[in-house]
K.L.:
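The structure follows.
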Amino acid sequence: MTDKDRKLMDEILKIKDKKSVYIIAHYYQRPEIQDIADFVGDSYAMAVQAQKAASDIILVAGVDFMAESAAILCPDKTVLSPEPEATCPMANSISVNDVLGFKEKYPESIIVSYVNTPADIKAVTDICCTSSNAHIILEKLPENSRIYFIPDQNLAFNISSRLGRKVDYFESFCPIHATLNKADIVKLKEEYPDAELLVHPECHPEVVELADYVGSTGGMINYTSSSPKDSFIIATECGIIHPIHKAAPGKKLIMASEEMICPNMKSITLNKILYSLENMQTIIRVPEEIRLPAAQALEKMIAYSS
Ligand code: 13P
Ligand code: SF4
């Protein structure tokens, strides 16, 4: 970390305290951003924490759907995004018409949306899920119901094979997690035979099949700190290395690929956070006619997960 970063961090901490802003960051954020946050978590924990935060102003350091989830769940709070252009290409790959078209064909179907979706998609959703609770949500849905899982085909396939339950799904994927292939992982496992393989469920099923643990970013961190093993191959975005080092110091971490960098997550910087706090920009607003049904889908997820 540079002296310039340290100076910026001090300035952020001062202004954040002065204005009583609560900063929530995702595990893929740059290390220095995770270090100035009041709370760092996976996408589920971020949404729940936004509701719990005592402050009236929340700054979300993460991609747009994360800030939107906070705005949807906390209508009485001001939700700031330091970089509203930071988005998730997979979340944006599906349109409301795609969902309504499926619903028209199969009116009895249950729409399950990954939280990586924009607010207007959540508004036509029955229940949301994240990578930490998708299996819990699906298990609680009526046994013979027809499920349309959107928009991540890998998460859909991985959860449906884990539960032995058929789901229809939208064909899209995360461009970062989809870069991993089986051959590379097999090679790494041969190179590091004592390491456990931790895989995010957005990866291809052929990679997930090789895993010792499959779960959300938060799940991976808990796993490494409780496992007796000393080394781990990490198959998710590189930002997770920093919180694992903090939670499980001394453990050896091997990135499955050095190219697993989400440019949208990394487009948030200390400078942008400082500017956002100084100018109270950008406030994330979700129109009430979208917020209300979207909040129902998120609240239902929270109720089913707890
Ligand atoms: P988590 O819910 O595991 O934090 O994942 C969010 C995400 O965008 C993964 O790419
Ligand atoms: Fe979206 Fe993938 Fe980036 Fe997560 S890592 S925010 S799924 S593009």
Side-chain angles (χ1 to χ4, degrees), residues 24-30 33-34 37 39-50 60-70 81 83-94 112-118 121-122 128-137 149-159 169-180 198-204 207-208 211 213-224 234-244 247 255-268 298 301-302 305:
I24 296 178
H26 188 261
Y27 290 127
Y28 296 163
Q29 289 296 292
R30 296 165 184 272
I33 291 178
Q34 296 189 37
F39 181 84
V40 189
D42 63 18
S43 50
Y44 178 72
M46 288 172 81
V48 173
Q49 194 62 25
V60 178
V63 289
D64 52 3
F65 73 82
M66 295 172 170
E68 267 188 359
S69 291
S81 167
E83 177 45 282
E85 299 286 308
T87 193
C88 170
M90 175 174 68
N92 299 330
S93 63
I94 187 162
V112 179
S113 285
Y114 193 22
V115 75
N116 297 39
T117 41
I121 298 289
K122 289 189 176 81
C128 289
C129 72
T130 73
S131 50
S132 69
N133 58 26
H135 59 292
I136 302 170
I137 306 282
F149 192 103
I150 57 173
D152 186 352
Q153 66 189 52
N154 290 330
L155 181 61
F157 188 91
N158 291 325
I159 298 295
Y169 54 85
F170 186 76
E171 292 184 15
S172 185
F173 53 82
C174 162
I176 314 302
H177 288 83
T179 53
L180 286 183
L198 276 49
V199 177
H200 197 279
E202 287 179 11
C203 291
H204 286 300
V207 172
V208 166
Y213 174 81
V214 184
S216 73
T217 50
M220 285 185 187
I221 295 165
N222 293 339
Y223 188 87
T224 42
I234 308 291
T236 193
E237 210 268 356
C238 67
I240 202 172
I241 296 295
H242 184 63
I244 299 182
M255 274 305 290
S257 158
E258 294 301 329
E259 278 152 38
M260 293 189 77
I261 301 169
C262 176
N264 281 286
M265 284 284 186
K266 299 301 190 266
S267 70
I268 298 167
L298 281 169
M301 164 184 80
I302 294 169
S305 312

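In listed order, ligands and their atoms are each counted from 1.
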K.L.:
Hey, can you tell me if His177 and Tyr28 have their rings parallel, tilted or perpendicular (30° and 60° cut-offs)?
P.N.:
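If you compare the ring of His177 with that of Tyr28, the planes turn out tilted.
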K.L.:
Just need the protein heavy atom nearest to atom 8 (O) of ligand 1, so name the residue and atom and give the distance.
P.N.:
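Scanning the protein heavy atoms, the shortest distance from atom 8 (O) of ligand 1 goes to Asn116 ND2, 3.2 Å.
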K.L.:
In terms of side-chain heavy atoms, does Thr130 have a donor or acceptor partner in Asp42 at a distance below 3.5 Å?
P.N.:
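The criterion, which ignores hydrogens and geometry beyond distance, is not satisfied for Asp42 and Thr130.
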K.L.:
Contact between ligand 1 and Met46 is defined here as a heavy atom of the residue under 4.0 Å from a ligand atom; is it met?
P.N.:
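Contact check Met46 vs ligand 1: negative.
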K.L.:
Find out whether Ile137 and Met301 are in side-chain contact, i.e. whether some heavy atom of one side chain is under 4.5 Å from a heavy atom of the other.
P.N.:
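Contact flag for Ile137/Met301 side chains = yes.
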K.L.:
Answer yes or no for Asn116: is there a heavy-atom contact with ligand 2 below 4.0 Å?
P.N.:
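Right, Asn116 reaches ligand 2.
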K.L.:
Does Glu202 have a heavy atom less than 4.0 Å from any atom of ligand 2?
P.N.:
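Distance cut 4.0 Å: Glu202 passes for ligand 2.
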K.L.:
Assess Ser132 for proximity to ligand 1: is some non-hydrogen atom of it under 4.0 Å away?
P.N.:
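Judged by the 4.0 Å heavy-atom criterion, Ser132 does not count as contacting ligand 1.
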K.L.:
Does ligand 1 have any atom that is closer than 4.0 Å to a heavy atom of His177?
P.N.:
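Yes, His177 has heavy atoms under 4.0 Å from ligand 1.
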K.L.:
State whether Cys88 contributes an N/O/S atom found under 2.8 Å from atom 2 (Fe) of ligand 2.
P.N.:
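Given the 2.8 Å cut-off, Cys88 does not count as a ligand of atom 2 (Fe) of ligand 2.
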K.L.:
Give the residue and atom name of whichever protein heavy atom lies nearest to atom 2 (O) of ligand 1, and the separation in Å to one decimal.
P.N.:
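Checked against all protein heavy atoms, atom 2 (O) of ligand 1 sits closest to Ser43 OG, 2.5 Å.
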K.L.:
Counting only heavy atoms not in Tyr223, do more than 12 sit closer than 6.0 Å to its OH atom?
P.N.:
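Counting neighbours around OH of Tyr223, more than 12 heavy atoms of other residues, nucleotides or ligands fall under 6.0 Å, so yes.
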K.L.:
Say whether Tyr27 and ligand 1 are in contact under the criterion: heavy-atom distance to a ligand atom below 4.0 Å.
P.N.:
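Heavy atoms of Tyr27 never come under 4.0 Å of ligand 1.
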K.L.:
For Phe157, look at atom CZ and say whether over 12 heavy atoms of other residues, nucleotides or ligands are found less than 6.0 Å away.
P.N.:
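No, because the 6.0 Å sphere around CZ of Phe157 holds 12 heavy atoms or fewer from other groups.
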K.L.:
Is it the case that ligand 1 has an N or O less than 3.5 angstrom from some N or O of Tyr44?
P.N.:
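For ligand 1, there is no N or O atom that lies under 3.5 Å from one belonging to Tyr44.
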K.L.:
At less than 4.0 angstrom from any non-hydrogen atom of Ser216, what atoms of ligand 1 do you find?
P.N.:
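Under 4.0 Å from Ser216, ligand 1 has these atoms: 3 (O).
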K.L.:
Looking at atom 4 (O) of ligand 1, what's its closest protein heavy atom, distance included?
P.N.:
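So the nearest neighbour among protein heavy atoms is His26 NE2, 2.6 Å.
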K.L.:
Among protein heavy atoms, which lies nearest atom 8 (S) of ligand 2, and at what distance?
P.N.:
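Nearest protein contact, heavy atoms only, for atom 8 (S) of ligand 2 is Pro89 CD, 3.7 Å.
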K.L.:
Write out the residue and atom name of the closest protein heavy atom to atom 5 (O) of ligand 1, then the distance separating them to 0.1 Å.
P.N.:
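It is His200 NE2, 3.3 Å.
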K.L.:
What residue and atom, counting heavy atoms only, is the protein's closest point to atom 10 (O) of ligand 1, and at what distance?
P.N.:
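Protein heavy atom with the smallest distance to atom 10 (O) of ligand 1: Glu202 OE1, 2.9 Å.
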